[in-house]
Amino acid sequence: MNTRHLLLSLLMLFPIVMFADEDTELNCEFSINSEKVQQANKEIFNTLETAINEYLNTTKWTDAHFMVNEKIRCKMLLVVSSYDDATGQIKGDLTIQSQRPVYNSSYVTTVINFKDTKVDFTYSEGEPLVFSETEMISNLTAILNFYAYFIIATDFDTFALNGGDPYYDKAAQIVRLAQSSGESGWKAFEDTKNRSAVLSAYTDKSTSGIRTILYNYHRQGLDQMVVSVDKGRAVVTQCLDELKKIYDVAPMSVCLSMFKDAKLDELVNIYSKANMSEKQNVYETLYPLYPADQPRLDKIKQESTDL
């Protein structure tokens, strides 16, 4: 029994989506918003939404054994910005969110909250989505495969130190295959927030400390709060100090904005019961990283709510 399986057996139950099979890894809800597209027949988006949900939730992504209640809860929202009926080309933004239960509580914490603005693929209504580990079948399945493995990798990292190693390797293989295709969103140094940049942020030596933060924040921090809120919060504070070290060497790393988007509101609640000195120290740690978010950071010092 792997570490994640053992820990999740002690955690909460999740409802599953209609396509989820026992022993597959994802309980993913994929939805499409096509309001920006002036299209007479939008049935293609309904067909695509159904196909992607089935693909994500019935594909066996790992060799690990997952019980139904252990599936990784996640959501993806594709907001379509343009659709070419003649070529089947679809462009838009894809928001990816994943969650993880906190030990011995009803609380669910966000692990990933990221918007990919480089989503561009072709799809014909009724086209089958085919999974392959060794070749790039389409840009659509490559994007889905990448985020499936990335969600799994980060989830495993929250349960065991460097537990996501095999799945970052899978994501890296997808990036290598896609980079040779010429499709957008995959090229190294194309921009600081594409899929190549996301993978690099979690695997390059200079910034891979984000993975240790994932483990300590969730397993040693949040999961321990049921035993001692103060001790768990102290670990979270140490994680923020480590985050500052990443900022010092790579201030533009996408992992910094990804941590903020997943955790900033949660941090307000975590420190709501801390003393003013602790709140001030946390504020002073985070403000240089996220100066544009001062109104939200100010709440760390002011609000008093329960986690």
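Reckoned from all heavy atoms, side chains included, excluding hydrogens, waters and symmetry mates.
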Candidate pair Ile143 and Leu94, rule side-chain contact (heavy atoms from CB on, under 4.5 Å), full reasoning:
CA-CA 10 Å; Ile143 292 170; Leu94 180 65; 4.0 Å; yes
One pair to check against side-chain contact (heavy atoms from CB on, under 4.5 Å): Thr203 and Ser208. What are the steps and the verdict?
CA-CA 5 Å; Thr203 56; Ser208 62; 5.8 Å; no
Is there a side-chain contact (heavy atoms from CB on, under 4.5 Å) between Leu240 and Leu267 once you walk through the steps?
CA-CA 10 Å; Leu240 301 182; Leu267 289 171; 4.1 Å; yes
Given side-chain contact (heavy atoms from CB on, under 4.5 Å), test Tyr123 with Ile44 step by step and report yes or no.
CA-CA 9 Å; Tyr123 174 76; Ile44 186 171; 4.0 Å; yes
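Checked by atom type and distance alone, the side chain of Asp155 never pairs as donor or acceptor with a backbone atom of Arg100 at under 3.5 Å. Here the side chain of Lys42 pairs a donor or acceptor atom with the backbone of Ser34 at under 3.5 angstrom. Formation of a donor-acceptor pair under 3.5 Å by the Glu284 side chain with backbone atoms of Asn281 is not found in this model. A donor-acceptor pair under 3.5 Å links the side-chain atoms of Ser81 to the main chain of Lys91, judged by distance alone. With hydrogens and angles disregarded, no donor-acceptor distance shorter than 3.5 Å links the side chain of Ser124 to the backbone of Glu127. Checking side-chain atoms of Lys301 against main-chain N and O of Val282 turns up no donor-acceptor pair under 3.5 Å. Not one N or O on the side chain of Thr110 forms a donor-acceptor pair closer than 3.5 Å with the backbone of Gln99. A donor-acceptor contact shorter than 3.5 Å links the side chain of Gln173 to the backbone of Glu133. Between the side chain of Ser181 and the backbone N or O of Glu183, at least one donor-acceptor pair lies under 3.5 Å. Looking at Gln179, its side chain never comes within 3.5 Å of a backbone N or O of Lys187 through a donor-acceptor pair.
Between Thr212 and Leu161 the shortest side-chain heavy-atom distance falls below 4.5 Å. You'll find the side chain of Gln89 stays beyond 4.5 Å of the side chain of Phe121, heavy atoms only. Looking only at side-chain heavy atoms (C-beta outward), Leu78 and Val119 come within less than 4.5 Å of each other. Using a 4.5 Å cut-off on side-chain heavy atoms (C-beta onward), Lys75 and Glu29 make contact. Looking at Ile300 and Leu297, their side chains come closer than 4.5 Å, going by heavy atoms from C-beta outward. No side-chain heavy atom of Thr158 sits under 4.5 Å from any side-chain heavy atom of Tyr217. Looking at heavy atoms from C-beta onward, Tyr55 lies out of side-chain contact with Phe30 at the 4.5 angstrom threshold. Residues Phe131 and Thr141 have side chains not in contact (no heavy-atom distance under 4.5 Å, counting atoms from C-beta outward).
Contact between Ala148 and Leu56 at its shortest, heavy atoms only, is CB-CD2, 4.5 Å. The two residues Glu278 and Thr237 make their nearest non-hydrogen contact at OE2-OG1, 3.7 Å. Closest heavy-atom contact between Ala201 and Ser253: CB-OG, 3.6 Å. Counting all heavy atoms, side chain and backbone alike, Asp120 lies closest to Asn139 at O-ND2, 2.6 Å. Heavy-atom minimum distance, Thr58 versus Thr24: O-CG2, 3.6 Å. Here the closest heavy-atom approach between residue Pro251 and residue Leu256 is recorded as O-CD1, 3.6 Å.
With salt bridges taken as basic N to acidic carboxylate O contacts below 4.0 Å, none links Glu25 and Lys71. Using a cutoff of 4.0 Å between basic side-chain nitrogens and carboxylate oxygens, Asp265 and Arg296 are scored as salt-bridged. Taking the charged nitrogens against the carboxylate oxygens, Lys244 and Asp248 do have a contact shorter than 4.0 Å, which makes a salt bridge. Contact check on Asp165 versus Arg211 returns a salt bridge, with a Lys/Arg side-chain nitrogen under 4.0 Å from an Asp/Glu carboxylate oxygen. Between Asp191 and Lys118 a salt bridge is recorded (basic side-chain N to carboxylate O distance below 4.0 Å). For the pair Lys279 and Asp298, the salt-bridge criterion is not met [side-chain N within less than 4.0 Å of a carboxylate O].
Here Phe159 and Tyr215 keep their ring centres 6.0 angstrom or further from each other. Ring centers of Tyr167 and Trp61: at least 6.0 Å apart, outside the cut-off. Taking the six-membered ring for Trp and the full ring otherwise, Phe45 and Tyr83 have centroids separated by under 6.0 Å.
When the shell of 6.0 Å around CD of Glu35 is examined, it contains 12 or fewer heavy atoms from other residues, nucleotides or ligands. Heavy-atom neighbours of Lys193 NZ from other residues, nucleotides or ligands within 6.0 Å: at or below the threshold of 12. The number of heavy atoms from other shown groups lying within 6.0 Å of NZ (Lys60) is above 12. Taking a 6.0 Å sphere around CG of Asp63, one finds it holds 12 or fewer heavy atoms contributed by other residues, nucleotides or ligands.
Atom-to-atom distance recorded for Lys36:NZ and Asp93:CG is 6.5 Å, nearest 0.5 angstrom. A distance of 9.0 Å separates CD1 in Ile96 from CG in Asn113, rounded to the nearest 0.5 Å. Taking OG1 of Thr285 as the reference point, atom CD of Gln280 lies at 10.0 Å (rounded to 0.5 Å). Between Met76 atom CE and Asp116 atom CG the span is 10.5 Å, to the nearest 0.5 Å. Atom NZ in Lys245 sits 14.5 Å away from atom OG in Ser206 (nearest 0.5 Å). The distance from the CH2 atom of Trp186 to the OG atom of Ser180 is 11.0 Å, given to the nearest 0.5 Å.
When Val108, Val226, Leu222 are each tested for a side-chain contact (heavy atoms from CB on, under 4.5 Å) with Val102, only one passes: Leu222. None of Tyr202, Phe156, Phe259 except one satisfies the side-chain contact (heavy atoms from CB on, under 4.5 Å) rule with Leu214; the exception is Tyr202.
A donor-acceptor contact closer than 3.5 angstrom is absent between the side chains of Tyr247 and Glu242. When only modelled atom types and interatomic distance are considered, Asp223 and His218 share no side-chain donor-acceptor pair under 3.5 Å. Residues Ser184 and Glu190 have side chains that never bring a donor and an acceptor to within less than 3.5 angstrom of each other. Neither side chain, Gln238 nor Asn216, offers a donor N or O lying under 3.5 Å from an acceptor on the other.
Relative orientation of the Tyr283 and Tyr287 rings is parallel, given thresholds of 30° and 60° on the angle between their planes.
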